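To keep things clear, I will list the structure first and then write my remarks on it.
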Amino acid sequence: MTQDTIIRTQGATKIYNPTLPDEMVALDNVSVTIHQGQATVLKGPSGSGKTSLLSIIGCMSRPTAGKVIVKDRDVAKLPERYLTHIRRKIFGFIFQQFNLIRDISVQENVALPLYPADAGFAEIRKRVHTMLDSFGILSKRKLKVKKLSGGEQQRVAIARALINEPEIIIADEPTAHLDRELAADLLNILAGLVREGKTVIIATHDPLIFEHPFVDSTIAMRNGKIEPQPEEQ
Amino acid sequence: MDGHKFILFFNTTKARLLNVYMGKYKIFITITALQLTLLTAFLLSGYQSAQKARLQQLRDKRQIVRYLGLTDLSIWTEARYTRHPSQSDFFTPFQDFPCSLEHFPAGSIVTPLQPDHEITMEQTPLKGREK
Amino acid sequence: MIRRLKILEHALSSLLRRKYKNLAIIVVYSFTIMLLASILFLTHSLKIEAGNILLDAPELIIQKTMAGRHDLIPVEYADVIRKNWGIGKITPRYWGYYYDAFTHSNFTVLGSDTPLPILKMLEGTAPSRPGECLIGEGVAAVRQIGIGDELILINSEGLGVIFDVVGKFTASSDILTNDLIVLGEADTMDFLGFPPGKATDITVEVLNPKEVQNIAGKIKRDLPDTRPITKQEIIRTYDAVFNWRSGMMLTIFSSALVAFCILAWDKATGISGEEKNEIGILKAIGWDTSDILELKFWEGIVISLTAFLTGLLAAYVHVFYFGATILAPVIKGWSVLFPPFKLIPFVNLYQVFIIGFLTVVPYVASTIIPSWKAAITDPESVMRG
């Protein structure tokens, strides 16, 4: 397993509604390092800043101050257009509520990340088929997402996250709405991705995840800060 | 095709159309292209028949105008100034229709009363020839 | 290009999700555009037709006025008019109106002894003997008579007069002849009760069309109680009439359009939380702000272009194939005799583009603009459910 750094934050700070009465410091001078090909877990209670950190790392928003270095490039000051591009090329997201478009078909949901990219219709169709097949939901491809069970929806969400072959998978509380069986399923999938050499970053407060053997390192957060690690892994 | 088969056909066609995956754009473009073609065809054939009409119909109509010395279109026959707008003067209210209330905004919205006393053919004596 | 098609594809998927609502919008929108386009098609075509037909109207018409009203003109006035240079034929016209109490319609009675040439639009002949008449299609229809039948009219003395119908104008000339009853000149004078030596007005042929205004001025000086009307004035009158009529209708229907725009605006600006969330999802999975705006652009185009083309096609068919059935009541007011519009399809492409511009652009704008804010927001919000 390589130890190359893929993402690094330096003094990343995120303040919502700065200078307004409801100003909120979500991240306070956070410096973390994520290694390539590893599974990293951000753990901590809700409101600890996990999601803010994930969204900064995943180029979904920019820090108020500090640096975010993704693959040797500081993305904190990049214009939005480039962030979108990086998001599309490098990241795959699995959200807490699957965040699927419920009224359109499974295959269209999975295909959506490819629409703004270069792929043609035939290629998209092929990739979506292959992807759905590997998750065992090919037969459901024409159904609307809202007709699927929770487990199936979760698979669609993962399929969508993987369709653009990202190097880094970001998952925010992925097991929050799943029963134990489905959660175990998901962890197996994530473990499989790590074995394939993908980098996986998970924010969670579910012990099931951070006690799972595939997790390489854990970062604990509280009140927008990194908690000192009790022991080195 | 009997009713059942038709409904079945209708439903499957509808389902096919709605579930087309990555081909809806083709349907939209086809429909738009068809509409554009139809519109162009209308406009072109309209232009052609307008040209033809210019030669035939208009020539005939112009002959009528010339021989009878007509000055106006017979579109609005309700009053003198609407039947012959080019012949009427600018200010006189023309009350040609019995009981008509004339003057623009009212006149074009309110219809005149039907007169109570009107002559019937039976009451009318004939001049010269026998009926 | 393929990227555009893919975004169009998703726009269509998106619209299909609310297919009944969007279909309803297309239907209402198409109908509004159909009305607007119909008005423009109809009035433009009428205007061109009037302009073309009336080119052969008399160069100059001299009316006598009396107490500020149109009065019968003494035929001797022709001798005064004749003294001017550059004048051709001078013809007194005998014509008037006839209110037909049996059908509640107004006819125009016109005296003419000029034999008409053979025309496709004329069945039978023009009257050549006393007691004969030639009628328009509208007169024939309301009186339910044809060639060979008798037309009974009541003269100014209250006596019924019988005319033999020897000719009929066909429907294709309706716009000119619908309410006409053409009699011989003597018959006309007798029937309408003209005093001897009086005519309705006098037409004057002017040899050099450039001299018309000049001659009209001279006649007005020589005969102060007359009013000359030039052909240009006639044609201008028709321009004005149709502009006025179409303007009036446009005002009414543009309020429909405005109402529709308000509806569209309301629909579009009330961008729902669901839609905002969707935009966030798309951004999160790698759609750029410009992709989102393009998506919204396509959504607007699909609806408005479809409605525009449908409305335009419907308007064309409505006006030129069905004689503007829906608009006819608005144009005709309450007249009993009303020519069916068998219009020659003169279409002004410029007007078509204007309709397109005024309908498609605002709709697309009202779809894109409200999404703007959601599209430029960081997609982070979708992570916070």
Side-chain angles (χ1 to χ4, degrees), chain B residues 18 22 24-25 28 31-32 35-36 38-39 42-43 46-47 49-50 53-54 56-58 60-78 80 82-83 85-89 91-92 96-98 107-108 111-112 114 118-121 124-129 131, chain C residues 5 8-9 12-13 16 50 52-58 61 69-70 91 93 97 99 101-102 105-106 108 110 112 114 116-117 119-121 152 154-155 159-162 172-173 175-179 203 229 233-234 237 241 302 305 309 312-313 316 320 333-335 337 339 344-347:
Chain B
L18 293 181
M22 291 193 206
K24 296 190 198 78
Y25 74 96
F28 170 71
I31 291 176
T32 308
Q35 285 185 313
L36 276 172
L38 197 57
L39 191 66
F42 271 148
L43 292 179
Y47 179 75
S49 65
R54 221 189 270 271
Q56 292 179 358
Q57 281 198 17
L58 286 185
D60 270 23
K61 286 181 191 170
R62 285 172 66 167
Q63 298 254 44
I64 295 174
V65 167
R66 190 178 326 142
Y67 279 90
L68 297 181
L70 301 181
T71 52
D72 288 275
L73 304 185
S74 94
I75 296 180
W76 305 286
T77 57
E78 59 260 53
R80 206 190 315 181
T82 56
R83 173 62 180 91
S86 73
Q87 303 299 291
S88 50
D89 51 41
F91 53 90
T92 318
D96 294 85
F97 199 103
S108 57
T111 59
Q114 287 303 321
E118 288 197 313
I119 304 152
T120 63
M121 198 53 94
T124 312
L126 284 180
K127 182 189 175 191
R129 292 159 68 173
K131 204 187 263 185
Chain C
L5 289 180
L8 168 62
E9 176 75 18
L12 289 165
S13 289
L16 273 178
N52 274 314
I53 295 173
L54 296 174
L55 281 178
D56 277 355
I61 295 160
R69 283 178 164 253
H70 177 207
T91 323
R93 293 199 303 171
Y97 303 99
Y99 171 66
F102 308 112
S105 36
N106 285 320
T108 299
L110 180 73
S112 169
T114 327
L116 277 169
L119 297 170
K120 270 193 188 153
M121 297 177 173
I152 305 172
I154 296 166
N155 73 6
L159 297 173
V161 184
I162 300 173
S172 51
S173 69
I175 198 161
L176 280 169
T177 59
N178 198 40
D179 70 335
T203 63
I229 300 167
E233 282 173 334
I234 293 174
T237 304
V241 164
V302 168
L305 188 65
L309 290 175
L312 220 53
L313 285 170
Y316 194 94
F320 297 120
W334 42 265
S335 52
L337 272 188
I344 301 172
F346 296 109
V347 175

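Proteins get letters first, then strands, A, B, ... in listed order; numbering begins at 1 in each. Please read all numbers here as calculations on a predicted model, not as lab measurements.
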Checklist line | Under 4.5 Å from any heavy atom of chain B - which part of C/Thr91 | finding: neither

Check: Atom CG in C/Leu312, atom CG in B/Leu38: separation rounded to 0.5 Å?
Finding: 10.5 Å

Next item on the list: Kindly give the heavy-atom pair with the smallest separation between B/Arg66 and C/Asp56, and that separation in Å.
Entry: NH2-OD2, 2.9 Å

Next item on the list: Mark yes or no for whether C/Asp179, through its side chain, and B/Ser74, through its backbone, hold a donor-acceptor pair below 3.5 Å.
Entry: no

Check: Which pair of heavy atoms, one from C/Tyr316 and one from B/Gly46, lies closest together, and at what distance?
Finding: OH-CA, 3.1 Å

Note to self: For C/Leu313, which atoms come within 4.5 Å of any heavy atom of chain B: side chain, backbone, both, or neither?
What the structure shows: both

Check: Is chain C contacted by the side chain of B/Leu68, its backbone, both, or neither, given a heavy-atom distance below 4.5 Å?
Finding: both

Item checked: Straight-line distance of B/Ile64 CD1 to C/Ile53 CD1, nearest 0.5 Å -> 9.0 Å

Next item on the list: Could you pull out the closest heavy-atom pair between C/Pro58 and B/Thr71, with the gap in Å?
Entry: CD-CG2, 4.1 Å

Check: What part of C/Ser112 gets closer than 4.5 Å to chain B, counting heavy atoms only: side chain, backbone, both or neither?
Finding: side chain

Next item on the list: Given side-chain contact (heavy atoms from CB on, under 4.5 Å), test C/Leu110 with B/Leu70 step by step and report yes or no.
Entry: CA-CA 9 Å; C/Leu110 180 73; B/Leu70 301 181; 3.8 Å; yes

Next item on the list: Give, for atom CG of B/Asp72 and atom CD1 of C/Ile175, the distance between the pair rounded to the nearest 0.5 Å.
Entry: 11.5 Å

Checklist line | Options C/Asn155, C/Ile61, C/Leu305, C/Thr203, ranked by heavy-atom pairs under 4.5 Å with chain B, top entry | finding: C/Ile61

Notebook entry, point to check: Can you list the residues that meet the ring-ring contact (aromatic ring centres under 6.0 Å, His included) rule with B/Phe28, with sequence neighbours excluded?
Noted result: none

Notebook entry, point to check: What closest approach, in Å, do B/Lys24 and C/Ser13 show between heavy atoms, and which atom pair accounts for it?
Noted result: NZ-OG, 2.9 Å

Check: When rounded to the nearest 0.5 angstrom, what is the spacing between CG in C/Leu116 and CG in B/Asp60?
Finding: 10.5 Å

Item checked: Approximate separation, where rounding is to 0.5 Å, of C/Asn52 CG and B/Lys61 NZ -> 10.0 Å

Checklist line | Contacting region of C/Ile234 [heavy-atom separation from chain B under 4.5 Å] | finding: both

Notebook entry, point to check: Which distance, rounded to the nearest 0.5 Å, do you find between the CD1 of C/Ile344 and the CD of B/Gln57?
Noted result: 4.5 Å

Checklist line | Residue C/Val347 versus chain B: region with a heavy atom under 4.5 Å | finding: side chain

Note to self: If I compare all heavy atoms of C/Leu119 with all of B/Gln63, which pair ends up nearest, and what's the gap?
What the structure shows: CD2-CB, 3.7 Å

